[in-house]
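Notes follow once the structure below has been shown.
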Amino acid sequence: MSQIASNPVHSAVPLPPLQPPEPTFPSKLILELRGTRFEIDREMLMSLPESILIVMFPNGLILGRSGTLDYEEEEEQDDHASTDSMELEDQVIYVDFDPLCLEFIMNFYKTAQDTFYSNQGSTNFPQSPTQNPLLSKQAIIVLREELDYFTIPPKPNKKDILANTSSSPVGNTSEALEMTEVESAINIHELKTECGTILLDQKKIFTALQRNVNKENNVAEQHLIDMLCVSGFSRDDEWGYRNIEPHKTSIVSIALVMLKTTGQSNQMATAQKLLLFWRKPARKCWWDGLEVSVGSDKVIPVRLWCRRTWTLELALV
């Protein structure tokens, strides 16, 4: 027997250092959106528009309450225990987002995927790294609007105020003024609610932007409208989903259309321009003023100032 073989130091086989296993990301996630629970695939969640994910997870996505897995008892657990052993409540991710809006997006994604792959047929073409992604995936134009509105009620009639205060006893003048202030606060709340309902019914996508174009003679905004209408939108299109945010004077709208790549001679060139917005949302903000009539008889004029923020993005599914 050789000297090296008889030496216990040389005969022992060195073992690699123990490394903790990488945490497994669950294939399905449970999201609770304002009381409504969704079970969504990881791939579907990651394919959502970047602008939507930023709103849903402004602080990033955290799995469970701790966000990490415990490796101290790894010898007593198998490979799948990291997810299966979690309580159901620990797996729920709470998101402050409109559940109907998410449902609208997911349904449109499914329709777009079914349409695209049914047209592709069973032919599988080899994809090269330099291949145009617009030829291998369905592109969707995502247009989202956040509308914050501010109401400017008409000035109260001084004669009515003096009449209300003079009709009350002298000792109750301050009390009458307090009652007037309380009634005004209630009327302001009702006023904001009614104005929100009026704005909610204005569903045309390009009406507000076209009004701003006509006012400011903004060539860039007109070019944006023309480009979107060539790529899949229509000038008379309405928002696909539009709703008032709870407890806010804010309306959120979203419209999704499948990008056109065929048709006019410059169709693909226009589509290539929109490809620049893939996972790189662009924002545009402007102020819009208009006057509406409220009240039971629609005779009270109210001035509205709307801060509109558009987010344009391209998604591939």
Side-chain angles (χ1 to χ4, degrees), residues 33-36 49 51-52 55-56 96-108 111 140-155 183-216 218 221-222 224-226 228-229 231-258 283-313:
L33 284 71
R34 299 175 182 174
T36 303
S51 56
I52 300 298
V55 177
M56 293 178 63
D96 184 17
F97 192 78
D98 190 343
L100 296 179
C101 182
L102 180 61
E103 185 177 4
F104 168 76
I105 296 173
M106 294 175 60
N107 290 339
F108 190 92
T111 302
I140 299 175
I141 305 176
V142 182
L143 185 61
R144 185 173 183 268
E145 180 188 70
E146 296 178 9
L147 189 158
D148 299 311
Y149 63 93
F150 306 88
T151 60
I152 303 178
K155 294 181 179 181
E183 292 175 359
S184 298
I186 296 176
N187 292 336
I188 286 295
H189 176 73
E190 295 176 353
L191 185 67
K192 292 180 179 180
T193 302
E194 188 171 355
C195 289
T197 304
I198 294 175
L199 290 174
L200 188 65
D201 293 335
Q202 298 178 1
K203 299 181 180 180
K204 298 291 185 180
I205 296 177
F206 299 107
T207 299
L209 186 58
Q210 189 65 58
R211 182 165 57 241
N212 194 59
V213 170
N214 298 336
K215 178 182 177 182
E216 304 291 341
N218 194 315
E221 292 179 352
Q222 185 62 56
L224 174 63
I225 296 176
D226 296 339
L228 292 177
C229 292
S231 303
F233 282 98
S234 174
R235 296 186 185 274
D236 295 329
D237 273 349
E238 297 182 350
W239 293 105
Y241 180 80
R242 184 174 175 88
N243 201 4
I244 301 177
E245 287 287 281
H247 312 297
K248 295 180 181 179
T249 55
S250 177
I251 298 176
V252 176
S253 310
I254 189 170
L256 306 174
V257 297
M258 287 182 277
R283 292 166 63 91
K284 173 179 177 54
C285 178
W286 77 97
W287 285 90
D288 181 30
L290 65 156
E291 187 173 285
V292 297
S293 298
V294 300
S296 57
D297 298 330
K298 302 296 182 182
V299 295
I300 304 176
V302 176
R303 187 69 177 174
L304 283 178
W305 282 105
C306 303
R307 182 179 183 270
R308 301 177 185 266
T309 304
W310 274 19
T311 304
L312 178 63
E313 183 182 358

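Enclosure of atom NZ in K203 is not indicated, since only 12 or fewer non-hydrogen atoms of other residues, nucleotides or ligands lie within 6.0 angstrom. Enclosure of atom CZ in R283 is not indicated, since only 12 or fewer non-hydrogen atoms of other residues, nucleotides or ligands lie within 6.0 angstrom.
V252 places none of its side-chain heavy atoms less than 4.5 Å from the side chain of C101. In this structure, the side chains of Y241 and I105 stay at 4.5 Å or more apart for every pair of heavy atoms. In this structure, the side chains of F104 and L256 come closer than 4.5 Å at one or more pairs of heavy atoms. N212 has its side chain within reach of E221: a pair of non-hydrogen atoms, C-beta onward, lies under 4.5 Å apart.
Atom-to-atom distance recorded for N243:CG and I254:CD1 is 13.0 Å, nearest 0.5 angstrom. Taking CD1 of I205 as the start and CD1 of I225 as the end, the distance is 11.0 Å to the nearest 0.5 Å. The CG atom of L290 sits 11.5 Å away from the OG1 atom of T207 when rounded to the nearest 0.5 Å. To the nearest 0.5 angstrom, D288 atom CG is 9.5 Å from L209 atom CG. Atom CD1 of I244 sits about 5.0 Å away from atom CG of L200, to the nearest 0.5 Å. Note that OG1 of T151 and CH2 of W305 are 13.5 Å apart. Values are rounded to the nearest 0.5 Å.
Between K298 and E194 a salt bridge is recorded (basic side-chain N to carboxylate O distance below 4.0 Å). In summary, R235 and D226 engage in a salt bridge, as defined by a charged side-chain N under 4.0 Å from a carboxylate O.
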Please table the atom pairs, donor to acceptor, closer than 3.5 Å between any side-chain atom in residues 142-150 and protein atoms at least two apart or in another chain.
residue: R144; atom: NH1; partner: E146; partner atom: OE2; Å: 2.4
residue: E145; atom: OE1; partner: R242; partner atom: NH1; Å: 3.4
residue: E145; atom: OE2; partner: R308; partner atom: NH1; Å: 3.3
residue: E145; atom: OE2; partner: W310; partner atom: NE1; Å: 3.0
residue: D148; atom: OD1; partner: S250; partner atom: OG; Å: 3.1
residue: Y149; atom: OH; partner: K192; partner atom: O; Å: 3.0

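Listed here is the closest heavy atom pair of S234 and C229: C-SG, 4.1 Å. The nearest pair of heavy atoms linking A255 to F233 is CB-CE2, 3.8 Å. Closest non-hydrogen pair, T311 versus S51, comes out as CG2-CB, 3.6 Å. Nearest heavy atoms, F206 versus L228: CE2-CD1, 4.0 Å. Across C195 and V294, no two heavy atoms sit closer than the pair SG-CG1, 4.2 Å. The two residues I198 and V292 come nearest to each other via the heavy atoms CG2-CG1, 4.0 Å.
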Between L224 and L312, is the side chain to side chain contact (heavy atoms under 4.5 Å, CB included) condition met? List the steps. CA-CA 10 Å; L224 174 63; L312 178 63; 4.1 Å; yes

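For D96, the side-chain hydrogen bond (donor to acceptor under 3.5 Å, both in side chains) partners at least two apart in sequence or on another chain are R34.
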